[in-house]
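Remarks on the structure that follows.
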Amino acid sequence: MKRRRLIIRSAILLVMVIAVGYTLYNQFSEERGVVDTGDIAPNFVLEDMEGNRFELNELRGEGVYVNFWATYCTYCREKMSYFEEFYEEYAEKGVKIVSVNVDETTLQVERHKDRQGISYPLYIDRNMLVSNAYGVHSLPAAFLIDEDGEVIERQVGAQTKEEVLAALDELIPES
């Protein structure tokens, strides 16, 4: 009886050690599909809440701030309030803000848009195809893309208003 209990406990311990090791390996190993600084931003096509088609490559020649977000993310809501405040100003300077929701329902996104008073376009990444292609695992995540389509910075996590504005300033095309 004791031997059987020892075998069961050892097996459980071994499974736990393997699970923790696998988790740590995945967390710290080179992530596949991750878009990072210096890469050309992969093209994607999404639709906004009104069904208008958007393609990233159509924005060549402009700075692009691609922001991945979700309605449950507090930091995302803060960042989106900064976008609401400065969206038009930066659009006039040649910087486009592309807000990509990570696979929530249209109803959730519409309610969020209404509650937050967002006037700029929101896109939903159905089945997380774009998020996975960009290697997004934590929210908010942003990719700063210059006028040539090159990723000049990958940002993950909360940002202050000043940090968001500095990033938008960095994207203003030189021409």
Side-chain angles (χ1 to χ4, degrees), residues 27 31 33-50 52-60 62-147 149-173:
Q27 189 71 20
E31 297 172 316
V34 171
V35 175
D36 211 345
T37 303
D39 295 341
I40 296 298
N43 189 37
F44 60 85
V45 177
L46 293 173
E47 288 184 355
D48 67 13
M49 302 301 294
E50 287 74 42
N52 300 313
R53 185 181 175 276
F54 164 79
E55 184 172 355
L56 181 64
N57 280 350
E58 292 173 356
L59 297 182
R60 286 285 167 96
E62 300 182 83
V64 184
Y65 190 114
V66 179
N67 182 55
F68 291 91
W69 65 280
T71 60
Y72 56 81
C73 170
T74 304
Y75 299 129
C76 299
R77 289 193 298 269
E78 289 174 8
K79 192 184 246 192
M80 292 175 80
S81 71
Y82 309 148
F83 294 152
E84 178 62 31
E85 187 175 345
F86 296 101
Y87 183 82
E88 291 298 326
E89 177 184 333
Y90 280 91
E92 291 172 8
K93 296 177 180 180
V95 177
K96 299 296 184 204
I97 298 168
V98 179
S99 286
V100 181
N101 176 272
V102 180
D103 200 29
E104 292 183 288
T105 67
T106 302
L107 181 60
Q108 285 174 300
V109 175
E110 283 175 349
R111 284 183 177 165
H112 176 77
K113 184 174 183 170
D114 293 341
R115 271 194 314 267
Q116 301 298 317
I118 297 170
S119 61
Y120 58 90
L122 300 178
Y123 305 91
I124 300 176
D125 179 16
R126 303 279 180 217
N127 301 316
M128 295 178 59
L129 298 175
V130 179
S131 307
N132 288 337
Y134 274 71
V136 174
H137 299 288
S138 299
L139 298 174
F143 294 84
L144 282 58
I145 304 168
D146 71 11
E147 60 268 23
E150 183 178 326
V151 176
I152 57 173
E153 190 175 345
R154 178 177 195 248
Q155 302 174 337
V156 179
Q159 290 184 307
T160 65
K161 186 178 199 175
E162 292 73 24
E163 290 170 325
V164 170
L165 291 175
L168 290 169
D169 285 337
E170 194 176 340
L171 290 170
I172 297 172

Residue list, side chain to side chain donor-acceptor pair (under 3.5 Å) with [X], at least two apart or on another chain:
{"X": "E47", "result": "none"}
{"X": "D114", "result": "none"}
{"X": "S81", "result": "none"}

By side chain to side chain contact (heavy atoms under 4.5 Å, CB included), which residues pair with [X], not counting sequence neighbours?
{"X": "N127", "result": "L129"}
{"X": "T160", "result": "E162, E163"}
{"X": "F54", "result": "F44, L56, L59, V98, Y123"}
{"X": "I152", "result": "L144, D146, E170, L171"}

Would you be so kind as to tabulate the donor-acceptor pairs closer than 3.5 Å made by side chains of residues 88-96, with sequence neighbours excluded?
unit_1 : atom_1 : unit_2 : atom_2 : d
E89    : OE2    : K93    : NZ     : 3.3
Y90    : OH     : D169   : OD1    : 2.6

State, yes or no, whether a side-chain contact exists between [X] and [Y] at a heavy-atom distance under 4.5 Å.
{"X": "F86", "Y": "I97", "answer": "no"}
{"X": "V100", "Y": "N67", "answer": "no"}
{"X": "P121", "Y": "N52", "answer": "no"}
{"X": "L139", "Y": "V102", "answer": "yes"}
{"X": "Y65", "Y": "F83", "answer": "yes"}
{"X": "V130", "Y": "F68", "answer": "yes"}
{"X": "E55", "Y": "N43", "answer": "yes"}
{"X": "T105", "Y": "E110", "answer": "no"}

| field | Sequence-distant partners of E58, salt bridge (charged side-chain N to carboxylate O under 4.0 Å, His left out), two or more places apart | value |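 With neighbours one apart ignored, the set is R53.
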
Minimum heavy-atom separation for [X] to [Y], with atom names?
{"X": "L122", "Y": "M80", "answer": "CD2-CE, 3.6 Å"}
{"X": "P140", "Y": "Y75", "answer": "CD-CB, 3.7 Å"}
{"X": "A133", "Y": "V35", "answer": "O-CG2, 3.7 Å"}

| message | Test: salt bridge (Lys or Arg N to Asp or Glu O under 4.0 Å). Region: residues 71-87. Which pairs qualify, not counting sequence neighbours? | response |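 Sorted pair list: E85-K161.
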
Rounded to the nearest 0.5 Å, what's the gap from [atom1] on [X] to [atom2] on [Y]? Could you check?
{"X": "D36", "Y": "R154", "atom1": "CG", "atom2": "CZ", "answer": "5.5 Å"}
{"X": "D103", "Y": "I124", "atom1": "CG", "atom2": "CD1", "answer": "9.0 Å"}
{"X": "N101", "Y": "S131", "atom1": "CG", "atom2": "OG", "answer": "8.5 Å"}

| request: Kindly state each residue pair satisfying ring pair (Phe, Tyr, Trp, His ring centres under 6.0 Å) with at least one member in residues 95-120, sequence neighbours excluded. | output: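 Residue pairs passing ring pair (Phe, Tyr, Trp, His ring centres under 6.0 Å), neighbours aside: W69-H112, Y87-Y120.
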
| field | Whether over 12 other heavy atoms sit under 6.0 Å from R60 CZ | value |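 Count over threshold, so yes.
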
| said: Quick one, T71 with Q108, criterion side-chain hydrogen bond (donor to acceptor under 3.5 Å, both in side chains). Give me CA distance, side-chain angles, the key distance, then yes/no. | reply: CA-CA 7 Å; T71 60; Q108 285 174 300; 4.6 Å; no

| field | Sequence neighbours excluded - disulfide bond (SG atoms under 2.5 Å apart) pairs with any residue from residues 74-134 | value |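 Counting only pairs at least two positions apart or across chains, the disulfide bond (SG atoms under 2.5 Å apart) contacts touching residues 74-134 are C73-C76.
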
| task | Take M49 and V109 through the side chain to side chain contact (heavy atoms under 4.5 Å, CB included) test and state the conclusion after the steps. | result | CA-CA 8 Å; M49 302 301 294; V109 175; 3.5 Å; yes

